[in-house]
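Residue numbers run from 1 in the order of the sequence given. From a predicted model like this one, the values you see are computed outputs, not experimental measurements. The figures that follow rest on heavy atoms only: side chains count, while hydrogens, waters and symmetry mates do not.
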Amino acid sequence: MSDDFWSTVHRAIAGASAYITDEHGRVLLVDPNYREHWSFPGGMVDAGEHPAQACAREVAEELGLSVEVGRLLTVSWVDGLANVPYPVVTFMFDCGEIPSGTPISLQAEELDDYGFFTLEEAEGLLAGHAYERLLATAAARASGGLTYLPPGHRGLVGQES
């Protein structure tokens, strides 16, 4: 293919996140020191990785945890984020349940805190698009489905397929 063709193709950044809960069903969230809102453990997919590998690597780097990356629960497409030049496609994987007392070693260069939160508590911590991803992800785990959240998606949990 010519360079002209590739210049017309949409570019996107791939991210991978972990959906981890405790024995009470609360979701594990982290507080990055480089952004306003809390987030899920995870990050960008590096060159040469696929999303599940990135998810496992990021959880190990950020939290010092070795988790089994399970099935894909949610894929979201978010466009128009401040300071991000391209849309972000995030793959959210089921990384299981861990006891709330599990020792966690925060990556101090990137994270200030972590905690386990109910869906209601998480709403006040997460950016709107991330909270919608949380709702869709919790529903996908419960139903055994997979949810896609399209750009600009607001108000509904998602489309299960």
Side-chain angles (χ1 to χ4, degrees), residues 9-32 35 37-82 84-100 102 104 110-111 114-161:
V9 175
H10 200 351
R11 291 156 190 81
I13 297 169
S17 298
Y19 183 62
I20 300 170
T21 54
D22 70 2
E23 67 276 13
H24 306 290
R26 299 176 302 173
V27 63
L28 176 61
L29 299 177
V30 295
D31 183 13
R35 101 170 37 132
H37 296 96
W38 286 60
S39 188
F40 304 99
M44 298 300 135
V45 178
D46 287 345
E49 284 183 317
H50 60 71
Q53 289 172 322
C55 182
R57 175 185 53 77
E58 286 284 347
V59 170
E61 289 175 1
E62 291 182 352
L63 304 174
L65 296 176
S66 177
V67 296
E68 181 177 332
V69 178
R71 70 182 187 83
L72 181 62
L73 297 172
T74 306
V75 176
S76 64
W77 179 288
V78 179
D79 204 354
L81 294 174
V84 181
Y86 303 109
V88 177
V89 179
T90 302
F91 299 85
M92 182 77 108
F93 293 95
D94 192 340
C95 292
E97 179 182 300
I98 63 172
S100 56
T102 299
I104 290 179
E110 291 187 19
L111 301 176
Y114 75 94
F116 290 93
F117 301 95
T118 65
L119 295 179
E120 295 76 21
E121 292 167 335
E123 183 175 16
L125 299 172
L126 296 169
H129 65 87
Y131 182 65
E132 288 191 24
R133 188 173 352 129
L134 172 59
L135 294 178
T137 299
R141 181 194 266 179
S143 72
L146 170 67
T147 302
Y148 168 65
L149 296 175
H153 176 69
R154 295 288 180 264
L156 300 174
V157 170
Q159 301 166 347
E160 290 190 27
S161 57

Worksheet item: Considering residues at least two apart in sequence or located in another chain, which fulfil the side-chain contact (heavy atoms from CB on, under 4.5 Å) criterion with His37?
Response: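 For His37 the side-chain contact (heavy atoms from CB on, under 4.5 Å) partners, ignoring immediate neighbours, are Ala127.
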Discussion item. Using the side-chain contact (heavy atoms from CB on, under 4.5 Å) criterion, which residues pair with Tyr114? Sequence neighbours excluded.
Written reply: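 With neighbours one apart ignored, the set is Leu28, Val30, Ile104, Leu106.
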With sequence neighbours excluded, residues passing salt bridge (Lys or Arg N to Asp or Glu O under 4.0 Å) with [X]:
X: Arg141; result: Asp94
X: Glu23; result: none
X: Glu49; result: Arg57

Residues two or more places apart in sequence or in another chain: which of them pass side-chain hydrogen bond (donor to acceptor under 3.5 Å, both in side chains) with [X]?
X: Arg26; answer: Asp22
X: Asp79; answer: none
X: Thr90; answer: none
X: Glu97; answer: none

Discussion item. To the closest 0.5 Å, what do you measure between OH (Tyr19) and CZ (Phe40)?
Written reply: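 These two atoms lie 8.5 Å from each other.
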Discussion item. Rounded at 0.5 Å granularity, tell me how far CG in Asp31 sits from CZ in Arg35.
Written reply: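 These two atoms lie 10.0 Å from each other.
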Practice prompt. Please list, chain by chain and in numerical order, all residues satisfying ring-ring contact (aromatic ring centres under 6.0 Å, His included) with His10, sequence neighbours excluded.
Written response: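 Applying ring-ring contact (aromatic ring centres under 6.0 Å, His included) to His10 gives Trp77.
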Worksheet item: Excluding sequence neighbours, so at least two apart, what forms ring-ring contact (aromatic ring centres under 6.0 Å, His included) with Phe117?
Response: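 By the ring-ring contact (aromatic ring centres under 6.0 Å, His included) rule, Phe117 matches Trp38.
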Is there side-chain contact between [X] and [Y], with heavy atoms separated by less than 4.5 Å?
X: Leu119; Y: Leu134; value: yes
X: Ile20; Y: Val27; value: no
X: Val69; Y: Phe91; value: no

Fill in: Heavy-atom closest contact (Ser17 atom, Cys55 atom, distance)
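Distance-wise, the nearest heavy atoms are O-SG, 3.6 Å.
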Worksheet item: Looking at Ala16 and Phe93, what are the two nearest heavy atoms and their distance?
Response: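 Smallest interatomic distance, heavy atoms only, reads CB-CE1, 4.4 Å.
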Discussion item. Filter on side chain to side chain donor-acceptor pair (under 3.5 Å), then keep only pairs touching residues 62-75, sequence neighbours left out; what's left?
Written reply: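 Those involving residues 62-75 are Thr74-Thr137.
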